[in-house]
Amino acid sequence: ADDSGGGSSPESGGAGDGKIKSGLKIAVIPKAVNNPYFDAAFTGAKKACQEIGATCDQTGPTEASGSAQVQFINTVVQQQYDALVISAADANSVIPALKQAQSAGITVVTYDADVADPSARSAMVRPTTSDLVGKALNKWVSDGIGSQGGEIAILSAAATAENQNAWIAVIKQDLANYPQLKLVDTVYGDDDAAKSAEKASGLLQSHPNLKGIISPTTVGIAATAQYLSGSQYKGKVALTGLGLPSQMKAYTKDGTVKTFGLWDPAMLGYLGVYAAANVASKIDIAGGFEAGGKKYTLEEKNQITVGPPQEFTAANIDSFSF
Amino acid sequence: MVVDPILTVRDAHKHFGGVAALRGAGLTLYPGEIHGLLGENGAGKSTLLTTVAGVHRLDSGEIMFAGRPFEQGSTRRAREQGVAVIYQEPALFPDLTIAENVFVGRQPTRRGRVDWAGMRARTRELFARLGVYLDPDRRAAGLSIADQQLVEIVKALSTDATVIVMDEPTAALSATEAARLQSVARRLRDRGAAVVFVSHRLDEAFELCDRVTVLRDGATVAEAEIAATSPAEVVRWMVGRELTDLFPKVPSVPGEVLLDVAALTRQGVFEDVTFSVRRGEIVALAGLVGSGRSEVVRAVFGIDRYDSGSVRVGDAPLPPGDPRAALARRVALVPEDRRAQGLFMPASVARNVSVVVLDRLRRFGLVRPGAERAMARGWGERLRLRYSGADQPVERLSGGNQQKVVLAKWLATEPELLVIDEPTRGIDVGTKAEVHRMLSQRAAEGLAVLMVSSELLEVLGMADRILVMREGRLVAELSREEATQELVMLAATGQEVSA
Amino acid sequence: MIRGVLARVTWDKIVPVLLLLTLVIGMQLEPRFGRGSTFAFIVQDIGEIMIIAFAMTLVIMTGEIDLSVASTAALASCVLGWAFERGIPIWIAVLLALVTGVLCGAVNGLLVTAFGLPSLAVTIGTLALFRGLCWALLGDEPVASYPESWTRLGSGRFPHTYIPYVAPLLIAGAIGYTVLLHATRTGRWIVAIGQSPEAATFAGIPVARVKLWLFVHCGLLSAVAGVVYTMRFASSRPDAAIGFELLVIAAVLFGGVSIFGGVGTMWGVISAVLFLGALRSLLLLQKVPPNALNIINGALLLASVVVPAVIAAIPRRRRRSSDPGVSQGHPTSNLPSLTS
Amino acid sequence: MTGRLLASREAPVALALVVVVVGTTLVNPRFLSAQGRTDLMVAIAITALMAVGQTFVILMKHVDLSVGSTLGLSAYLAATAVQDQQDGGVLTVLMVGLVVGVAVGVVNGALVAFLRLPALVVTLGTLYVVKGIQAVVVGPRRINADQLPGAVVDFGRDSVLGVPYILWLALLAGVAGAWFLRTVRTGRDLYAVGSNGPAARLVGIPVWRREMFAFVVSGATAGLAGALYLARFGGVDANAGSGYELPVVAACVVGGVAITGGVGTVIGALLGAALLKTIGVSLSALSVPEFWQQAVNGALLLLAIAVDKVIADRRLRQTTEVQEVPA
Ligand SMILES: Nc1ncnc2c1ncn2[C@@H]1O[C@H](COP(=O)(O)OP(=O)(O)OP(=O)(O)O)[C@@H](O)[C@H]1O
Ligand SMILES: Nc1ncnc2c1ncn2[C@@H]1O[C@H](COP(=O)(O)OP(=O)(O)OP(=O)(O)O)[C@@H](O)[C@H]1O
Ligand SMILES: [Mg+2]
Ligand SMILES: [Mg+2]
């Protein structure tokens with residue numbers, strides 16, 4: 001399967017017979033195993049694989065880092081998988097390894113988090129656009145604080161996390177539309193529950209007038225919610241961000257968090273596998289592809305978008321299973 | 001003898017790896033005696049005694065204690081049975097106070113809690129019994145070797161043991177301290193305890209002991225009332241041959257001045273020390289322990305820095321604090337503490353000997369292992385080293401043989417000036433004579449020797465000139481002809497010498 | 001007879017055998033394991049660890065330790081990125097990175113030798129400090145614009161071969177450091193210092209100077225590893241190589257180097273790094289879950305000390321002379337603090 | 001008496017702690033507000049508790065690097081023990097944590113004490129093994145506050161007499177440890193062994209039992225710390241506790257527990273933990289820029305180690321100078 005060497009774009013795959021081959025071997029590499037979010041994504045991937053008759057394995061480092069992912073990418077190359085679906089723990093470190101994988105004939109698709117060089121993968125399944133996320137976060141925090149406004153801060157994942165940084169960039173731009181809000185600080189909890197909680201407490205100490213916290217990461221928002229719910233700030237500081245409803249149920253119901261959002265991580269894995277399977281079967285997906293009875297189209301840089309973020313409140317949170 | 005023995009060891013055998021340390025050793029101790037245990041280096045004295053201390057278990061043999069079989073292999077049990085030990089080298093806890101050092105492991109308690117006040121009081125009392133004063137609250141770190149030995153002695157006294165083992169307790173002590181220790185030993189004997197006393201100083205053994213047992217090659221070769229034997233006979237038992245000429249001094253004609261030390265001062269340690277050593281001359285630095293002799297020679301060699309003064313070797317000054325420079329000028333220092341300062345214990349004999357002469361063993365920058373071993377074997381032969389081969393780790397040698405390795409290492413540098421601190425500490429008579437013969441022979445060939453020694457006989461027998469230090473100052477200089485034991489001791493202890 | 005053989009079996013001789021066994025068994029289990037590309041991947045994966053391990057072995061041999069190596073590597077990488085982004089020619093940026101490593105090593109070395117601080121404590125501190133400087137330098141902006149001609153050096157292979165560009169560096173290092181430690185005066189000095197710093201001083205070995213240079217050297221090699229890391233992952237990031245210090249130390253200890261210094265061989269360490277890399281690769285190919293890898297690594301590290309202890313105990317048991325621990329008749333081998 | 005107190009090795013650490021607290025409060029009064037105090041004390045508790053146990057080990061010239069992994073595993077197992085229960089559970093959580101910790105401690109102790117293996121290697125090994133077990137057992141799961149009994153979560157945040165429960169626990173362990181090391185023979189034995197191991201054996205101290213004991217204590221505090229972690233953060237996942245080991249060792253060193261054995265106190269270690277954590281928290285309160293905090297933290301840590309050394313040296317010099325001459 002060397003003819004697709006350098007197949008950095010789906011178009012170059014040449015026209016197959018338009019059907020997904022059965023028996024494909026697909027590997028999924030999350031940023032880190034042992035992460036509930038990626039575990040949910042992998043359920044989607046497994047579902048897709050079942051539908052198309054592919055075998056599906058998840059492997060990856062125990063701690064999220066791009067350099068640690070490389071060895072797993074290399075192993076996937078040696079094991080001669082047909083396709084690799086990966087969430088890049090950082091946008092650059094994995095690029096050389098992914099390019100080597102491509103030249104070994106393996107289809108590469110990114111999901112959840114992209115690499116900086118679009119030619120290192122055939123397609124990217126993104127949960128939503130940065131624009132939508134950033135704007136939604138601003139809206140939720142503004143709603144939470146109320147019209148009087150005030151100071152807000154961001155508690156992110158790692159300082160080098162591409163997704164979060166892209167969203168933060170949008171947040172900053174979009175704040176022009178909220179003159180009553182003032183972003184005073186950005187801190188990083190490194191997706192570690194303990195560190196995130198300490199950072200949250202630090203934020204509230206250094207900014208006595210803080211009115212809202214945006215935490216665009218599932219670990220960060222849960223840790224911050226846990227801290228706030230037991231502190232004097234509960235109900236006084238609006239918390240929002242991106243979180244798993246299953247983790248946030250208690251805090252939504254006790255009023256620590258009013259509104260937050262996310263997407264169904266399963267859809268990321270699901271579409272990632274479909275995109276990868278299509279390309280690996282030499283189907284031209286430039287014009288879009290079908291998955292689960294729905295048609296998905298490719299946007300700029302071969303990106304596929306799952307949809308706008310889902311909003312969770314105390315009213316609807318019980319109806320989500322992830 | 002109507003009294004029953006308190007301790008009997010019969011037909012003791014003990015191997016360490018391939019080495020047979022004991023093969024048929026025996027020892028009988030009676031209450032109320034001081035018993036000398038004598039033998040050459042490696043004869044097995046320490047092994048026999050550490051077994052009685054509960055450190056080892058014999059491979060075979062029998063130990064009876066007060067009529068009952070002795071429980072081997074537990075130091076705690078040994079102590080509970082009534083054995084107290086002063087080991088060959090002090091083993092204190094630097095971070096604990098002196099009081100706690102004395103009572104460690106069995107601190108007096110009140111309702112399960114350590115009784116600090118009581119412990120302090122008892123320690124003070126024990127020191128008072130010895131007639132010395134050391135602050136019980138002071139940490140042991142930094143105690144001089146003599147003071148460490150005193151703490152060890154008090155520790156042994158505090159257990160009210162019936163058998164007290166002293167393995168070369170005086171090796172580190174000068175004459176005064178040794179005398180004080182001897183009076184303690186006598187008092188213990190008079191109290192009814194049995195004291196085992198190991199020493200390589202025969203004069204001391206003959207002065208102090210009631211009976212002696214002699215070990216050779218791990219076996220007991222003789223047991224005698226001290227009154228019924230003589231030093232010459234004991235030496236014959238120890239080495240299995242006749243020894244003549246204990247201090248074989250070869251006369252030599254001193255040449256030009258090689259080492260010139262002027263007004264050397266280190267605040268609080270030594271002051272205004274001025275002397276010189278000529279080629280072919282043996283100069284001894286005598287004095288009490290703690291008088292600062294070691295510090296002076298360490299400063300000369302560059303281990304320690306000094307505050308003022310100068311050291312010249314030949315025509316040029318020696319840079320301070322730089323042992324490598326000293327080595328390059330063919331100065332060698334045999335340090336006083338062989339285990340800590342002289343040897344790399346886990347390393348082989350060959351590596352220990354070669355470490356200071358690696359430059360000579362290199363070809364194209366690489367060390368030649370063959371040449372290294374050959375050199376070590378050569379020295380092993382010359383010094384009659386008892387070892388199993390050049391690759392044997394020195395930690396498996398007996399104390400005296402270790403000292404020979406240290407000597408070999410420094411002689412291998414072919415020094416012009418040999419500074420040697422306690423050259424024969426813990427060395428048996430036979431080897432001692434060899435070392436002395438070698439030193440004086442080398443001196444006759446032009447080697448300059450600066451020797452620190454606490455053994456008066458050695459000082460008097462070997463030195464061409466004797467410098468006496470007291471409290472960090474040179475207080476007397478005596479020529480070979482005028483020096484006597486009395487004069488040296490007078491100077492060392494503070495009476496001015498008028499001669 | 002058996003005892004004689006056993007006495008000469010030291011762990012550093014067992015490790016190369018383990019390496020061979022892994023390769024042989026690996027090829028039986030998994031035909032793909034024997035391929036050139038597998039070899040290339042393994043060599044690349046262990047590259048940085050091996051480079052730092054050379055230096056770490058020397059440091060540990062003297063009885064010291066350097067926990068700051070990963071932070072130093074990251075700082076070198078960040079300095080490289082920071083400089084490169086400011087338009088400084090890349091080779092000058094690389095030089096700056098190496099100088100950074102030297103400075104980091106000098107800080108450790110001076111704190112240890114001039115101030116007499118324990119290296120474990122010092123390097124826990126500099127581990128935090130150097131990593132902190134990484135964040136201060138690059139913050140949330142990793143540098144990734146390196147020219148491909150340079151990044152290829154990190155992840156590429158010599159044309160038409162399976163030999164990664166780093167391989168010659170590693171081979172030269174393996175030979176050079178083996179000779180250095182075992183056949184030169186410097187090597188002998190290092191071992192001697194580890195066995196007894198005090199005796200080394202008396203033997204005219206410049207103990208403080210040797211240690212200082214070993215820390216500087218360790219900083220330098222960490223920086224080299226940092227540069228290799230930068231090129232292999234085509235980016236400089238403040239969180240680079242996080243946690244590598246324990247991997248390196250584990251590999252060195254696994255290679256039979258005593259944590260107390262004075263005992264160990266360079267070939268043991270080299271085999272250990274290769275073995276751990278090969279084994280990990282084999283286990284991943286065999287689809288052993290990543291979560292289990294830590295267990296295996298830890299168990300191996302334990303084995304590296306347990307097995308020699310058990311071997312040493314066999315002949316002792318047979319002789320039934322069970323000393324309660326004191327191996328020598330001389331009880332005071334531990335008294336240096338009294339006479340310092 | 002006060003003189004001796006001031007001359008102790010702990011005094012400068014306590015002084016530094018006071019300086020940091022007062023200084024920070026002057027700049028940012030919220031540092032010592034009710035919430036600020038609680039946050040600070042809660043933050044100190046876990047490291048402080050582990051530092052208590054670590055002191056026992058370091059005193060004996062060993063080190064226990066497996067405490068972070070032990071914390072993670074015990075936190076998770078404690079969580080599963082009470083998961084989805086309605087009430088109670090605090091005692092269960094503490095007991096499970098304790099048992100897990102003791103188990104790891106027994107393994108470490110057995111390897112170090114029986115086989116006479118170097119502790120750093122052994123505990124680095126068990127660090128990886130326990131961490132691996134944690135990862136295998138936990139997998140991608142995360143136990144959240146709503147799956148835990150309310151009492152457990154409250155235990156992690158509520159106070160009595162102005163001090164959070166979990167800090168009370170750490171202080172209790174600290175006082176017990178300090179008392180034990182000062183006044184019980186077994187405790188004194190630890191100092192003797194750390195000060196001169198071979199000599200300790202010669203005076204009949206059962207060294208291996210003491211070593212075993214120290215590792216069990218360290219494991220036990222790490223296990224209990226796991227329970228505290230669970231309560232404080234109201235949840236646990238596969239990464240809990242990773243990277244906790246070096247800060248604990250650092251706390252002991254800063255608190256004057258010498259890595260070379262034989263010197264130090266539990267009170268010092270507690271103060272060291274408090275100082276390091278307080279510095280960390282105060283950097284936020286002082287609004288030190290996010291990306292500079294770690295660097296400042298590292299620099300202060302180095303400073304603390306260096307100052308401690310200077311003081312220790314001075315003390316040693318004083319004791320050597322007032323040397324009594326035998327009368
Ligand atoms: N731990 C050990 N391992 C191997 N060999 C040993 C050990 N301890 C002692 N030996 C050997 O046992 C023999 C007896 O040693 P021992 O220390 O008892 O001699 P000694 O009579 O006390 O000598 P010295 O007067 O030099 O102190 C020596 O040959 C020595 O090398
Ligand atoms: N280990 C030590 N630590 C600190 N000070 C010491 C130590 N040993 C000795 N001293 C002190 O240094 C001074 C000189 O002691 P030292 O024992 O070296 O003298 P010396 O004349 O060389 O004795 P000797 O060589 O007979 O042992 C004394 O004040 C002594 O108390
Ligand atoms: Mg002896
Ligand atoms: Mg001396």
Side-chain angles (χ1 to χ4, degrees), chain A residues 27 29-30 32-34 55 57-81 88-101 103-104 115-117 120 154 156-162 164-166 168-169 186-188 190-191, chain C residues 30-33 35 37-42 44-46 48 74 77 81 134-135 138-146 148 151-157 229-244 247 277 280-294:
Chain A
I29 300 184
V33 294
N34 306 335
T55 55
D57 293 307
Q58 173 161 263
T59 182
T62 48
E63 263 143 67
S65 106
S67 50
Q69 282 183 312
V70 166
Q71 195 177 30
F72 291 88
I73 298 171
N74 291 345
T75 307
V76 164
V77 172
Q78 287 162 271
Q79 287 168 330
Q80 293 168 316
Y81 278 88
D90 80 70
N92 303 299
S93 302
V94 291
I95 292 175
L98 290 183
K99 288 191 169 169
Q100 275 181 12
S103 58
V115 289
D117 179 355
I154 297 172
S156 181
T160 48
E162 305 304 322
Q164 272 79 7
N165 286 349
I168 291 170
T186 305
V187 297
Y188 303 90
D190 290 338
D191 268 355
Chain C
E30 178 71 67
R32 283 174 291 217
F33 193 67
R35 288 200 195 158
S37 60
T38 308
F39 160 78
F41 284 137
I42 293 175
Q44 279 176 337
D45 273 332
I46 59 162
E48 298 91 5
S77 171
C134 292
W135 288 108
L138 288 191
D140 57 357
E141 283 153 12
V143 177
S145 48
Y146 295 111
E148 183 151 351
T151 58
R152 207 180 320 120
L153 292 177
S155 54
R157 304 167 188 167
Y229 187 95
T230 309
M231 295 312 156
R232 182 149 82 98
F233 299 114
S235 60
S236 291
R237 345 169 23 87
D239 54 359
I242 230 157
F244 265 42
L247 292 182
R280 188 177 164 87
S281 166
L282 178 62
L283 294 175
L284 285 178
L285 278 177
Q286 291 285 303
K287 298 194 182 170
V288 171
N291 279 337
L293 292 180
N294 270 331

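Note on naming: letters A, B, ... go to the chains in the order of the sequence lines (proteins, then strands), and numbering restarts at 1 for each one.
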Give the member of [options] that has the highest number of heavy-atom pairs under 4.5 Å with chain C.
{"options": "A:Val77, A:Asp90, A:Thr186", "result": "A:Asp90"}
{"options": "A:Asp117, A:Asn34, A:Asp57, A:Asp190", "result": "A:Asn34"}
{"options": "A:Val70, A:Asn165, A:Ile95", "result": "A:Val70"}

Partner residues of C:Phe41 under the ring-ring contact (aromatic ring centres under 6.0 Å, His included) criterion, sequence neighbours left out
none

Are more than 12 heavy atoms, taken from residues, nucleotides or ligands other than A:Gln80, located less than 6.0 Å from that residue's CD atom?
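Yes, the 6.0 Å shell around CD holds more than 12 heavy atoms from other groups.
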
State the [atom1]-[atom2] distance between [X] and [Y], to the nearest 0.5 angstrom.
{"X": "A:Gln71", "Y": "C:Arg280", "atom1": "CD", "atom2": "CZ", "value": "4.5 Å"}
{"X": "C:Lys287", "Y": "A:Thr75", "atom1": "NZ", "atom2": "OG1", "value": "11.0 Å"}
{"X": "C:Leu284", "Y": "A:Gln78", "atom1": "CG", "atom2": "CD", "value": "9.0 Å"}
{"X": "C:Arg157", "Y": "A:Gln100", "atom1": "CZ", "atom2": "CD", "value": "5.5 Å"}

Residues A:Asn92 and C:Ala234: closest non-hydrogen pair is CB-O, 4.2 Å

Which pair of heavy atoms, one from A:Thr160 and one from C:Arg237, lies closest together, and at what distance?
OG1-NH2, 2.9 Å

In terms of heavy-atom proximity below 4.5 Å to chain C, should A:Ser67 be classed as side chain, backbone, both, or neither?
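When you check distances to chain C, atoms from both the backbone and side chain of A:Ser67 fall under 4.5 Å.
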
With a 4.5 angstrom heavy-atom cut-off, could you sort out which part of [X] is near chain A: side chain, backbone, both or neither?
{"X": "C:Arg35", "answer": "side chain"}
{"X": "C:Asp45", "answer": "side chain"}
{"X": "C:Thr151", "answer": "neither"}

Run the side chain to side chain contact (heavy atoms under 4.5 Å, CB included) test against C:Ile42 and tell me which residues pass, sequence neighbours left out.
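C:Ile42: side chain to side chain contact (heavy atoms under 4.5 Å, CB included) contacts with C:Phe33, C:Thr38, C:Ala278, C:Ser281.
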
